[in-house]
Amino acid sequence: MNEQQRRSFMVILMTYMRYKSLTACPPPLFSANDDMYFLILLQNFRQYLISRRRPPILYNFSIRSRILDNADGDEFIVNDVYAVVIQRPYEFWILTGESTTSFQNIVIDVSQNLNLHGKEITSVQNRILLTLIWLRQYPPYTLLSMSFGISIATVGLIIKKMWIILWEICASNVRWPTRQEWLNRRGKWPEMPIVVGMIDGTSHEILIPSTEPQQDFYSGHRKYHCIHTQVICDNDKNICYIHSGFLGHDNDANAYHRIGPIGPGDALDFPPQCYILADSIYPNGYPLVTPFKSVEIIRQTRAEKRFRRKFNILHRNRRVYVEHVIKEIKTFKVIGSLFRHPRWKLSSIVELCAGLAKRRADLLSGELA
């Protein structure tokens with residue numbers, strides 16, 4: 001008996017039982033003079049009321065089965081998407097942010113950290129490809145399910161497992177330079193020879209919290225609930241430091257004080273002869289250099305006004321580099337659009353996307369070619 005015949009038999013059987021329950025009560029077994037007649041009549045009436053409250057015939061079927069015939073459909077046919085997309089390098093680059101050669105390097109690194117248990121539905125290449133497409137394009141699970149020919153639950157399990165492995169491999173691409181490496185970056189900008197980096201913050205929109213205070217995550221500047229991230233890069237547009245997880249109501253100044261001290265001998269070791277450009281919301285103190293505010297310009301002499309305005313122009317033209325770096329990170333739409341997954345994953349996923357963006361920048365510069 002196949003699935004359709006089994007369902008038809010169950011419908012007929014439940015219809016018959018429903019019909020029997022709605023038929024008139026049988027005649028009493030006792031005469032009218034018997035003392036038990038009234039109690040039995042009450043018992044039958046109670047059973048009749050219970051039968052009227054029974055759910056419909058298809059009460060044990062899922063919502064999809066009630067609405068659609070054959071809602072589950074046929075069995076999935078697994079598609080080898082990797083074998084198709086690898087033949088089109090440009091589309092592969094757009095979907096994943098990786099070249100065909102760099103993708104093979106990721107496959108080798110992941111295979112060394114992957115513990116296989118039993119037979120897997122898809123190959124390692126397809127699982128990595130699915131995860132990279134999810135990070136880069138952030139499509140719904142249904143679209144990935146139809147593209148790869150696997151169930152939605154399988155898509156979720158693959159992504160849940162693979163993004164953690166990719167984080168372990170790629171997050172280390174972002175590292176804090178040594179003191180000597182910072183000193184070697186001096187003089188790259190003739191107008192600002194002692195400036196070696198920039199710092200700025202960015203926000204990632206999240207769903208409205210349902211179990212936590214919403215005001216902690218709401219940003220009055222952004223006008224939505226979000227998580228903040230602090231990014232530091234050098235004057236070559238290399239990501240040197242990234243820290244995510246700050247609540248939406250905090251501004252960049254509060255987030256900067258929470259990432260730890262930056263200076264000689266601190267956790268983030270930084271030479272005393274170098275400086276980092278920052279926005280005016282940051283504290284104007286070593287190692288940060290912020291632009292002059294309007295109240296600091298208007299009451300100066302004409303020559304001093306000209307000097308400070310020119311400094312602000314140079315400051316703005318160089319500090320915009322960190323905006324370019326943030327743009328490359330947010331090319332991964334999983335953090336560049338509304339984040340629909342649990343918030344505890346966001347910080348690590350931001351670090352993963354930063355590592356992949358750094359890998360992509362190195363690839364474009366020819367270091368991994």
Side-chain angles (χ1 to χ4, degrees), residues 76-111 113-114 120-171 173-174 202 204-205 237 239 242 324-341 345-346 348-369:
F76 285 99
I77 299 177
V78 180
N79 301 323
D80 191 358
V81 179
Y82 170 76
V84 177
V85 182
I86 199 67
Q87 303 299 326
R88 305 184 64 86
Y90 178 72
E91 284 76 8
F92 190 89
W93 172 266
I94 294 299
L95 285 175
T96 64
E98 297 286 336
S99 67
T100 55
T101 304
S102 64
F103 182 82
Q104 296 299 329
N105 297 332
I106 293 180
V107 172
I108 295 174
D109 295 336
V110 170
S111 300
N113 294 271
L114 192 61
E120 297 290 342
I121 298 178
T122 59
S123 62
V124 177
Q125 291 84 350
N126 278 288
R127 279 178 282 166
I128 298 175
L129 177 63
L130 185 149
T131 307
L132 290 177
I133 292 176
W134 178 75
L135 291 170
R136 191 77 177 176
Q137 308 298 332
Y138 203 39
Y141 281 3
T142 305
L143 183 58
L144 293 174
S145 172
M146 298 300 297
S147 301
F148 286 83
I150 54 180
S151 65
I152 296 177
T154 305
V155 171
L157 291 175
I158 291 175
I159 292 176
K160 180 180 179 181
K161 184 176 182 180
M162 295 304 299
W163 80 261
I164 297 178
I165 298 177
L166 289 174
W167 173 79
E168 295 175 349
I169 296 172
C170 298
N173 292 337
V174 178
T202 185
H204 315 283
E205 186 177 4
K237 295 186 179 181
I239 306 174
I242 187 165
H324 300 165
V325 173
I326 292 175
K327 185 266 296 182
E328 290 297 328
I329 298 175
K330 283 197 168 184
T331 304
F332 293 88
K333 295 182 180 179
V334 66
I335 61 174
S337 59
L338 176 63
F339 190 72
R340 306 185 300 267
H341 288 75
K345 298 182 180 181
L346 182 58
S348 298
I349 290 179
V350 169
E351 294 177 1
L352 168 59
C353 293
L356 290 173
K358 178 67 165 55
R359 178 187 178 88
R360 178 185 172 94
D362 294 340
L363 180 64
L364 290 175
S365 63
E367 295 182 11
L368 295 180

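The figures here come from the full heavy-atom set of this structure, side chains too, leaving out hydrogens, waters and symmetry mates.
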* In Å, rounded to the nearest 0.5 Å, how long is the span from CE of Met146 to CD1 of Ile152? -> 9.5 Å

* To do: Return yes when atom NZ of Lys333 has more than 12 non-hydrogen atoms of other residues, nucleotides or ligands closer than 6.0 Å, and no otherwise.
  => no

* Asked: Nearest 0.5 Å, what's the CZ-OG1 distance between Arg88 and Thr100?
  -> 14.0 Å

* Asked: For Val78 and Asn126, what are the C-alpha separation, side-chain angles and deciding distance, and is it a side chain to side chain contact (heavy atoms under 4.5 Å, CB included)?
  -> CA-CA 10 Å; Val78 180; Asn126 278 288; over 6 Å; no

* Where do Cys170 and Leu356 come nearest, in terms of heavy atoms and distance? -> SG-CD2, 3.6 Å

* To do: Provide the full list of side-chain hydrogen bond (donor to acceptor under 3.5 Å, both in side chains) pairs with a residue in residues 142-151, sequence neighbours left out, each pair given once.
  => Ser151-Thr154

* To do: With the side chain counted from C-beta on, respond yes when Asn105 and Arg359 share a heavy-atom pair under 4.5 Å apart, and no when they do not.
  => yes

* To do: Flag the pair Leu130 / Ile150 as yes when at least one side-chain heavy-atom distance between them is below 4.5 Å, and no otherwise.
  => yes

* Asked: Out of curiosity, Glu328 CD to Leu364 CG, how far, rounded to the nearest 0.5 Å?
  -> 7.5 Å

* Do Arg136 and Leu95 come within less than 4.5 Å of each other through their side chains, counting heavy atoms only? -> no

* Minimum heavy-atom distance between Pro139 and Arg340, given as atom pair plus value -> O-NH2, 3.9 Å

* Asked: Would Arg127 and Thr122 satisfy side chain to side chain contact (heavy atoms under 4.5 Å, CB included), going step by step from the backbone distance to the final call?
  -> CA-CA 7 Å; Arg127 279 178 282 166; Thr122 59; 3.2 Å; yes

* Side-chain (Gln125) to main-chain (Asp80) donor-acceptor, under 3.5 angstrom -> no

* Asked: Are there more than 12 heavy atoms of other residues, nucleotides or ligands under 6.0 Å from atom NZ of Lys237?
  -> yes

* **Non-hydrogen side-chain atoms of Leu144 and Ile159 separated by less than 4.5 Å** => yes

* **By salt bridge (Lys or Arg N to Asp or Glu O under 4.0 Å) - contacts of Glu351 (at least two apart)** => none

* **Set of ring pair (Phe, Tyr, Trp, His ring centres under 6.0 Å) partners for Phe339, sequence neighbours left out** => His341

* To do: Heavy atoms only: give me the nearest Asn173-Gly355 pair and the separation to one decimal.
  => ND2-O, 3.3 Å

* State, yes or no, whether a side-chain contact exists between Ile335 and Thr202 at a heavy-atom distance under 4.5 Å. => no

* **Partner set under salt bridge (Lys or Arg N to Asp or Glu O under 4.0 Å) for Glu205, not counting sequence neighbours** => none

* Asked: Taking atom CZ of Phe332 and atom OG1 of Thr96, what is their separation to the nearest 0.5 Å?
  -> 8.5 Å

* Heavy-atom pair with the smallest gap, counting every atom of Val124 and Ser111 -> CG1-OG, 4.0 Å

* To do: Just jot down the side chain to side chain donor-acceptor pair (under 3.5 Å) partners of Thr331, sequence neighbours excluded, or say none.
  => none

* Partners meeting ring pair (Phe, Tyr, Trp, His ring centres under 6.0 Å) with Phe103 (sequence neighbours left out) -> Tyr82, Phe92

* What is the minimum heavy-atom distance between Trp93 and Ser99, and which atoms define it? -> CE3-N, 3.6 Å

* Structure fact -> Scanning both residues in full, the closest heavy-atom pair of Val110 with Met162 reads CG1-CE, 3.6 Å

* Heavy-atom distance under 4.5 Å between the side chains of Lys161 and Thr131, does that happen here? -> no

* Asked: Are Leu135 and Ile349 close enough, and set up right, to give a side chain to side chain contact (heavy atoms under 4.5 Å, CB included), and what steps lead you there?
  -> CA-CA 9 Å; Leu135 291 170; Ile349 290 179; 4.2 Å; yes

* **Any side-chain heavy-atom pair of Ile106 and Leu166 under 4.5 Å** => yes

* Is the shortest heavy-atom distance from the side chain of Trp163 to the side chain of Lys345 under 4.5 Å? -> yes

* **Rounded distance (nearest 0.5 Å) linking atom CD1 of Ile86 with atom CD of Glu91** => 12.0 Å

* Asked: For the atom pair CD1 (Ile165) and CG (Leu352), what is the distance rounded to the nearest 0.5 Å?
  -> 11.5 Å

